[in-house]
Amino acid sequence: MAENNEIETLQKSPSNIADLAEPLLPSLTSKSLLLSSPLSRELSPLMADNNESETKQKSPNKIADLREAMTDKRYGLVRRLCGEVPEGPLERISIYDDTVLHMAAHSKQKNLVLDLLKMIPEDRNHQFSDIKNSDGNTILHELATSNAMKDAAAELLRRDHNLLISRNELGEKPIFCAARFGRTRMFRFLGNKMELEKLSPEDSKAHLQRNDGTTVLHVSIATECFA
């Protein structure tokens with residue numbers, strides 16, 4: 001109920017651009033919103049891509065072992081194997097082009113995410129915004145679906161602040177994903193990082209709306225997702 005009230009407060013605040021978009025509310029259902037979202041899919045069994053890159057072909061056994069360790073939740077082994085594959089934690093290991101970090105974030109393994117980030121040199125920070133899976137989701141999109149991943153999100157943003165404005169294939173920024181899943185604390189955290197309160201209504205609207213015109217207010221109402 002506490003977070004319900006927080007979401008309601010966010011929705012009623014004049015500074016929240018979602019209110020301005022309310023007249024645009026389309027005829028949406030909870031089911032249609034969730035089905036249209038790449039983040040609605042559950043963690044599927046990890047399978048090898050038939051079109052492995054040349055780099056991955058150099059160590060196919062290690063990649064297979066890493067996939068299996070991630071699937072079996074043997075996170076100690078995941079940490080070790082990431083040090084033995086070409087791209088480390090940024091190695092793609094699923095049919096959705098998820099990296100190890102994508103899957104760790106999706107699985108809500110905060111400590112694993114933090115440990116894996118330490119394995120990536122700081123001179124690669126600029127790459128994080130461009131590392132997306134087949135749905136266009138960055139690692140921050142995955143982290144945004146859980147309040148418990150705020151610390152991991154903070155560390156990731158320290159390394160690449162541009163992740164805040166990166167969109168997936170539906171045009172959703174990470175803050176939109178936080179709202180759609182009802183993750184109020186994560187929503188507030190990302191909103192503060194984006195300094196939304198300092199933006200004009202029109203500028204704020206661009207951050208809180210996806211390609212089909214759906215706003216954060218729409219998804220909050222239609223999905224009734226305030227967990």
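Everything quoted here is computed from the prediction, not taken from an experiment. Side chains are part of it too, since the values below use all heavy atoms of this structure and drop only hydrogens, waters and symmetry mates.
- Side-chain contact check for L101 versus L117: some heavy-atom pair is nearer than 4.5 Å.
- Between S146 and K108, the closest heavy-atom pair is CB-CE, 3.7 Å.
- In this structure a side-chain-to-backbone donor-acceptor pair under 3.5 Å is present from R92 to D97.
- With values rounded to the nearest 0.5 angstrom, R183 atom CZ is found 11.5 Å from C177 atom SG.
- With sequence neighbours excluded, no residue forms a side-chain hydrogen bond (donor to acceptor under 3.5 Å, both in side chains) with K150.
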Exercise. Go through L190 and L164 one step at a time and tell me if the side chain to side chain contact (heavy atoms under 4.5 Å, CB included) criterion holds.
Key: CA-CA 7 Å; L190 295 175; L164 285 170; 3.9 Å; yes
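- Comment: E155 does not engage K110 in a salt bridge, judged by the lack of any side-chain N to carboxylate O separation of less than 4.0 angstrom.
- Side-chain contact check for T138 versus I131: every heavy-atom pair is 4.5 Å or farther apart.
- Taken from CG in D203 to CD in E195, the straight-line distance is 13.0 Å, to the nearest 0.5 Å.
- The CG atom of L66 sits 9.5 Å away from the CD atom of E84 when rounded to the nearest 0.5 Å.
- Residues L208 and I175 have side chains in contact (heavy-atom distance under 4.5 Å, counting atoms from C-beta outward).
- Residue L77 comes nearest to A69 through the heavy atom pair CD2-CB, 3.7 Å, listed as atom of the first residue, atom of the second, then distance.
- For the 3.5 Å distance criterion, the side chains of H207 and S204 fail to qualify, holding no donor opposite an acceptor.
- Without hydrogens or angle criteria, N192 side chain to F189 main chain gives no donor-acceptor distance under 3.5 Å.
- Judged by distance alone, with hydrogens and angles left aside, the side-chain atoms of R159 form no donor-acceptor pair with the main-chain N or O of F128 at under 3.5 Å.
- The structure places CG of L114 at 10.0 Å from CG of L156, a figure rounded to the nearest 0.5 Å.
- In this structure, the side chain of T214 does not engage the main chain of R210 through any donor-acceptor pair within 3.5 Å.
- Atom CG of residue L143 and atom CG of residue L157 lie 8.5 Å apart, to the nearest 0.5 angstrom.
- The backbone N or O of D72 sits nowhere less than 3.5 Å from a side-chain atom of R74 that would complete a donor-acceptor pair.
- In this structure, R180 pairs ionically with E172, as a charged nitrogen and a carboxylate oxygen lie closer than 4.0 Å.
- Taking CZ of R124 as the start and CG of L90 as the end, the distance is 5.0 Å to the nearest 0.5 Å.
- With no hydrogens or angles considered, no side-chain donor-acceptor pair links Q127 and D130 at under 3.5 Å.
- In this structure, the side chains of I165 and K173 come closer than 4.5 Å at one or more pairs of heavy atoms.
- Under a 3.5 Å cut-off, the side chain of N147 and the backbone N or O of R185 do form a donor-acceptor pair.
- Contact check for L140 versus S166: no side-chain heavy atoms found under the 4.5 Å cut-off.
- When every heavy atom of S107 is checked against every heavy atom of M70, the shortest pair comes out as OG-CE, 4.3 Å.
- Closest approach of V100 and C82 over heavy atoms only: CG1-SG, 3.8 Å.
- A pairwise comparison of heavy atoms in N133 and H102 identifies N-NE2, 3.8 Å as the closest pair.
- Annotation for T145 and E142: closest pair OG1-O, 2.9 Å, computed over non-hydrogen atoms.
- Of the possible donor and acceptor atoms, one in the side chain of E91 sits under 3.5 Å from a partner among the backbone N and O of E87.
- Here S129 pairs with D160 under the side-chain hydrogen bond (donor to acceptor under 3.5 Å, both in side chains) rule; sequence neighbours left out.
- The main-chain N or O of Y75 is found under 3.5 Å from a side-chain atom of R79 such that the two form a donor-acceptor pair.
- Proximity of F176 to V219: side-chain heavy atoms (C-beta onward) are separated by under 4.5 Å at one or more points.
- Hydrophobic clustering of Ile, Leu, Val, Met, Phe, Trp and Tyr side chains at less than 4.5 Å, counting indirect connections, unites V113 with I120.
- In this structure, the side chain of K132 engages the main chain of R167 through a donor-acceptor pair within 3.5 Å.
- Partners of D65 according to the salt bridge (charged side-chain N to carboxylate O under 4.0 Å, His left out) rule, which considers only residues two or more places apart in sequence or in another chain, do not exist here.
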